[in-house]
S.K.: 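Got a structure here, written out as structure tokens. Questions coming.
Computed from a predicted structure; not experimentally measured. Every number for a ligand or one of its atoms is a count from 1 in the order of the listing.
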Amino acid sequence: MHWQKDAQCGQARAGWLHTRHGSVPTPTFMPVGTVGTVKGITMDNVRATGAGIVLGNTYHLMLRPTAERVQRLGGLHRMMDWPGPILTDSGGFQVMSLGPLRKMDEDGVTFRSHIDGSSHRLTPESSTDIQYKLDATITMAFDECPALPATKDALEASMERSMRWAARSREAFIARPGYGQFGIVQGGTEQDLRERSALALRKIGFEGYAIGGLAVGEGQELMFSTLDYTTPMLPEDQPRYLMGVGTPDDLLGAVMRGCDMFDCVMPSRAGRTARAYTERGTLNLRNARFAEDTRPISPEDDSPMAGRYSRAYLHHLFRANEMLGPMLLTLHNLAYYQRLMRQIRAAIVAGTLEQTAAELRQNWAKGDW
Ligand SMILES: Nc1nc2cc3nc(NCCc4ccc(CCO)cc4)[nH]c3cc2c(=O)[nH]1
């Protein structure tokens with residue numbers, strides 16, 4: 001796969017990601033489809049929100065239904081009826097944050113399944129092979145995401161291991177036209193470690209570069225300051241993917257610091273807990289004040305449900321614990337994230353990103369309309 005840059009505005013870039021499964025405009029937000037589904041909505045509806053590329057997880061899919069079964073079912077695209085590109089995370093982060101009882105050594109990680117306690121192992125080679133069996137359009141290198149806070153020595157040792165694992169992941173990767181593999185920059189919030197990591201990955205050579213080790217509780221200020229010096233270390237002509245990010249304000253700030261791709265569970269997880277994302281900040285639709293509010297959730301909603309359901313109806317559905325509540329609000333939130341990315345991209349192309357950023361931040365601060 002390859003990425004072309006169309007426009008630049010400050011550090012922000014607007015471009016196109018061309019892959020075996022279609023082309024996607026960047027900056028782009030990837031809905032999270034952890035176990036082969038964006039929870040509660042069909043992939044037709046995911047497409048209708050404007051999403052171009054979705055994320056899957058090696059950790060979850062290797063446990064259930066297993067990569068071998070997905071392969072026998074024709075790969076993730078066919079199984080989940082999603083013809084567009086799929087990026088799969090490599091499993092390291094999920095093992096560290098999900099799998100109970102795990103043991104890490106130089107070769108890889110041994111862990112117990114959070115589903116049935118069975119023992120499993122992930123190495124750079126096995127993670128890369130699993131992602132091949134899933135037919136992932138974009139494969140992530142197998143890395144270790146250290147928990148923060150961590151000592152500089154611990155961060156250094158972890159980053160150096162991740163770089164050795166990146167080389168092994170690249171070695172195991174089967175190159176095919178339209179497919180790609182991303183290296184993941186580590187090093188915590190230490191500039192010299194980030195520099196060494198970026199240079200090590202560029203020496204190996206990947207189709208794109210992710211910035212890992214962030215969105216782990218360091219806070220927005222430290223995340224942004226880390227981006228300020230990390231994105232310029234990465235190749236100008238290749239995509240940059242900030243893993244696990246984030247809120248609308250995070251996305252805006254990270255695009256302005258040179259990031260092109262994002263994924264986060266927030267909009268979909270919030271959709272299941274009655275939290276609506278809008279141009280004016282978030283709303284808790286379980287709140288009694290919405291019981292007879294006949295207005296739509298967002299004034300500028302362009303999702304498949306635009307203008308058809310009131311806040312009062314969503315309030316009722318969540319109070320009644322009806323399935324349709326999370327389904328409709330997940331759609332709404334993902335459509336808002338896609339609308340936001342389109343607005344930001346248009347501003348980069350028009351050269352008005354500073355102005356647009358100020359307007360977006362003003363509206364988020366305004367609160368409900
Ligand atoms: N391979 C790899 N994958 C990652 C995934 C990540 N995801 C995050 N952050 C997600 C944090 C996150 C978790 C939950 C919620 C919902 C809260 O309501 C929001 C954000 N940071 C991450 C870092 C890495 C990383 O270095 N390497």
S.K.: Trp82 ring centre to Arg47 NZ or CZ under 6.0 Å, with the angle to the axis within 45°?
M.R.: yes

S.K.: What heavy-atom pair brings Asp302 and Arg339 nearest, and what distance separates the two atoms?
M.R.: OD1-NH1, 2.9 Å

S.K.: Does a donor on one side chain and an acceptor on the other come within less than 3.5 Å for Ser303 and His332?
M.R.: no

S.K.: For this output row, return yes or no: ring centroids of Tyr179 and His21 closer than 6.0 angstrom.
M.R.: yes

S.K.: Is atom 16 (C) of ligand 1 near the protein, in the sense that some protein heavy atom lies at less than 4.0 Å from it?
M.R.: yes

S.K.: What part of Ile184 sits under 4.0 Å from ligand 1 if we count only heavy atoms: the side chain, the backbone, both or neither?
M.R.: side chain

S.K.: Of the listed options (Gly244, Ser162, Ser127, Gly217), which comes nearest to atom 10 (C) of ligand 1 when hydrogens are ignored and any heavy atom counts?
M.R.: Gly244

S.K.: May I ask which of Leu214, Val216, Asp143 has a heavy atom nearer to atom 21 (N) of ligand 1 than the others do?
M.R.: Leu214

S.K.: Backbone, side chain, both or neither: what part of Met140 comes under 4.0 angstrom of ligand 1, heavy atoms only?
M.R.: neither

S.K.: Would you please indicate yes or no on a ring centroid separation below 6.0 angstrom for Tyr277 and Tyr337?
M.R.: yes

S.K.: Looking at CD1 of Ile348 and SG of Cys9, how far apart are the two atoms once the value is rounded to the nearest 0.5 Å?
M.R.: 7.0 Å

S.K.: Give me the nearest non-hydrogen protein atom to atom 24 (C) of ligand 1 as residue plus atom name, then the distance to 0.1 Å.
M.R.: Phe93 CD1, 3.7 Å

S.K.: If the contact criterion is a heavy-atom separation under 4.0 Å, does Gln94 count as touching ligand 1?
M.R.: no

S.K.: Is ligand 1 under 4.0 Å from a heavy atom in the side chain of Ser90, in the backbone, in both, or in neither?
M.R.: side chain

S.K.: Could you identify the single nearest non-hydrogen protein atom to atom 26 (O) of ligand 1 and state the distance to 0.1 Å?
M.R.: Gly213 N, 2.7 Å

S.K.: Numbering the atoms of ligand 1 from 1, which are under 4.0 Å from a heavy atom of Gly212?
M.R.: 25 (C), 26 (O)

S.K.: Determine the interplanar angle of the His120 and Phe111 rings, folded into 0 to 90°, and report it as parallel if under 30°, tilted if 30 to 60°, perpendicular if over 60°.
M.R.: parallel

S.K.: Heavy atoms only: give me the nearest Asp293-Arg311 pair and the separation to one decimal.
M.R.: OD2-NH1, 3.0 Å

S.K.: Among Ala270, Ala215, Ser268, which residue places a heavy atom closest to atom 9 (N) of ligand 1?
M.R.: Ala215

S.K.: Which residue and atom name correspond to the protein heavy atom nearest atom 14 (C) of ligand 1, and how close is it?
M.R.: Val265 CG2, 3.7 Å

S.K.: Quick check against the 3.5 Å criterion: does Thr273 have a side-chain atom that pairs as donor or acceptor with the backbone of Ala270?
M.R.: yes

S.K.: To which of Val245, Asp89, Leu55 does the heavy atom nearest atom 3 (N) of ligand 1 belong?
M.R.: Asp89

S.K.: Only heavy atoms of Arg269, strictly under 4.0 Å: list the atoms of ligand 1 that pass.
M.R.: 16 (C)

